[in-house]
Number of protein chains: 2
Amino acid sequence: MKLPEAKDKFMQAWGTLGSSWGINRTMAQVHALLLISPDPLSAEDIMEELKISRGNANMNVRALIDWGLVSKTFKSGERKEFFSAEKDIWKVATQVMKERRKRELEPVLKLLHELSNVEGDKKDKNIKAFNDSINGIKGVVSKADKTIETIIKADESWFVGSFLKLMK
Amino acid sequence: MKLPEAKDKFMQAWGTLGSSWGINRTMAQVHALLLISPDPLSAEDIMEELKISRGNANMNVRALIDWGLVSKTFKSGERKEFFSAEKDIWKVATQVMKERRKRELEPVLKLLHELSNVEGDKKDKNIKAFNDSINGIKGVVSKADKTIETIIKADESWFVGSFLKLMK
DNA sequence: AATAACTTTCAAATATATTTGAAAGTTCAG
DNA sequence: CTGAACTTTCAAATATATTTGAAAGTTATT
């Protein structure tokens, strides 16, 4: 397969994967494009490669910066901004985990805590079923939360090298 | 907080969480409803509780069955179907991981493999950047894939009890 | 201070995803 | 069989999310 075709398939696939994980398709495609570019790209480059408007390019690049996956760079003598993506995929993965943990897991945990004890007769089977569910979910969600925290703090070599051995 | 309010907040939150993880909001709400119901519910019950149409209720219940999270049950003397959700949250979590792995991770891995070696001069920096990206991603994705596989095979007590200790 | 080179914003347009509801399909009791 | 009780389907309607592009904003240069 030639490079242009491969690039295209990759950006497509990254976009699809992103959108099934709650990340806007175009944002994921911009990310893919920057990931495989050896040099930083300008807004124009992005608009052109992905055939998207200036506004769209701008918004999605901002979002990626907000997620900590992309940063601005400057070329001497050029006034416009260039963008480049973090190339270390392990860092990308931990950064995404960190953000999603903060944005989604933490609020859910907070709510689950609030829902932990409803008023009323603990013998009522509706109340009992509810409390049991909430507690079960709370257990698994907070375990997942702590696991992610540990993974984020661990370094790549640990993950790559030891994880599977430890799990045996 | 009283039960009806708590139920409502929970179904709401589960719906929101679902939709940021690529699961249709209503499907997640139906799931939440069944999770906290001590007894199986009929299509009518679901329609009424969530104020959704028959078709919608039917489609989402089917999808949940398809995901292995909900099953049909019957009441003697009743002709209609009742539905109940798997109550063990650990099983729910592993089931979801299993499905997403199959539906999303595996196809991406297959593609990454195909993209692994593009034709052309390995010294060309565009080709080099592309190959490096793809290989890096392939490494992390397949590691994640294997990790999920291991977690799925492990049992709950392992996860709950030993995971954090092992990670230290 | 005026202009040029750029970036940001956001209301309107478009595209995508979900929901509805009525018709068609199925199953079962009589 | 037939009709009643139920489930499924799917085209059209609705709701939600994304995209556009032109105007407004910003910043550097002369």
Side-chain angles (χ1 to χ4, degrees), chain A residues 11-34 40-67 70-84 100 103-104, chain B residues 11-34 40-67 70-84 100 103-104:
Chain A
M11 292 189 294
Q12 207 57 38
W14 209 236
T16 304
L17 190 65
S19 73
S20 72
W21 287 86
I23 286 154
N24 154 346
R25 171 188 253 71
T26 305
M27 176 173 159
Q29 286 177 338
V30 173
H31 184 231
L33 172 61
L34 292 173
L41 301 182
S42 68
E44 269 78 16
D45 297 332
I46 295 169
M47 288 163 64
E48 201 172 295
E49 285 268 1
L50 295 173
K51 313 250 192 286
I52 60 175
S53 71
R54 181 173 296 285
N56 199 5
N58 183 272
M59 281 177 106
N60 286 112
V61 164
R62 292 305 124 189
L64 285 164
I65 290 174
D66 208 49
W67 274 71
V70 162
S71 54
K72 289 187 195 178
T73 55
F74 295 92
K75 276 192 193 168
S76 56
E78 289 261 23
R79 220 166 117 185
K80 59 184 161 195
E81 302 176 325
F82 289 79
F83 305 97
S84 62
R100 301 206 74 161
R103 293 169 196 230
E104 293 151 21
Chain B
M11 292 189 291
Q12 207 58 37
W14 209 236
T16 303
L17 189 66
S19 71
S20 71
W21 286 85
I23 286 154
N24 150 348
R25 171 187 253 72
T26 304
M27 177 172 158
Q29 286 177 338
V30 172
H31 183 231
L33 172 61
L34 291 173
L41 301 181
S42 68
E44 269 78 16
D45 296 331
I46 294 169
M47 290 163 62
E48 201 173 295
E49 285 267 3
L50 295 172
K51 314 254 193 283
I52 59 177
S53 71
R54 181 174 298 284
N56 199 5
N58 184 270
M59 284 177 105
N60 287 111
V61 164
R62 291 306 124 190
L64 285 165
I65 291 174
D66 208 49
W67 275 69
V70 162
S71 54
K72 289 187 195 179
T73 56
F74 296 92
K75 275 191 191 169
S76 56
E78 290 260 25
R79 218 166 119 185
K80 59 183 162 197
E81 300 175 323
F82 289 79
F83 306 96
S84 62
R100 301 207 75 162
R103 293 170 197 229
E104 292 151 21

Can I get a per-line list of side-chain donor-acceptor pairs under 3.5 Å for residues 20-32 of chain B, giving both atom names and the distance, sequence neighbours left out?
from, atom 1, to, atom 2, distance (Å)
B:Ser20, OG, B:Leu17, O, 3.1
B:Trp21, NE1, A:Glu104, OE1, 2.9
B:Asn24, OD1, B:Thr26, N, 2.7
B:Asn24, OD1, B:Met27, N, 3.2
B:Arg25, NH1, B:Ser19, OG, 3.1
B:His31, ND1, B:Trp14, NE1, 3.1

Listed pairs under 3.5 Å, donor-acceptor, residues 49-58 of chain A side chains, sequence neighbours left out:
from, atom 1, to, atom 2, distance (Å)
A:Ser53, OG, A:Asn56, N, 3.2
A:Arg54, NH1, A:Glu44, OE2, 3.4
A:Arg54, NH2, A:Glu44, OE2, 2.7

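Under the rule for a salt bridge (charged side-chain N to carboxylate O under 4.0 Å, His left out), the partners of A:Lys72 that lie at least two apart in sequence or sit in another chain are A:Glu81. For the side-chain hydrogen bond (donor to acceptor under 3.5 Å, both in side chains) test, no residue two or more places apart in sequence or in another chain qualifies with B:Ser84. Remark: B:Arg79 pairs with no residue by the salt bridge (charged side-chain N to carboxylate O under 4.0 Å, His left out) rule, at least two apart or across chains.
For DNA chain C, the neighbouring residues in residues 47-59 of chain A, judged by any heavy atom under 4.0 Å, are A:Arg54, A:Gly55, A:Asn58. Near DNA chain D, meaning a heavy atom under 4.0 Å away, the residues from residues 13-29 of chain A are A:Asn24, A:Thr26.
Once rounded to the nearest 0.5 Å, the distance linking CG of B:Asn60 with CG of B:Asp66 reads 12.0 Å. Taking OG of A:Ser42 as the start and CE of A:Met47 as the end, the distance is 9.0 Å to the nearest 0.5 Å.
At least one side-chain heavy atom of A:Trp67 sits under 4.5 Å from a side-chain heavy atom of A:Arg100.
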What are the atom names and distances for every N/O pair under 3.5 Å that joins the protein to nucleotides 2-5 of chain D?
from, atom 1, to, atom 2, distance (Å)
D:dA5, N3, B:Arg79, NH2, 3.0

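Nucleotides of DNA chain C that come within less than 4.0 Å of any heavy atom of chain A span, from the 5' end to the 3' end, C:dA4 to C:dT9.
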From CA spacing to verdict: side chain to side chain contact (heavy atoms under 4.5 Å, CB included), B:Phe83, B:Leu34: CA-CA 8 Å; B:Phe83 306 96; B:Leu34 291 173; 4.2 Å; yes
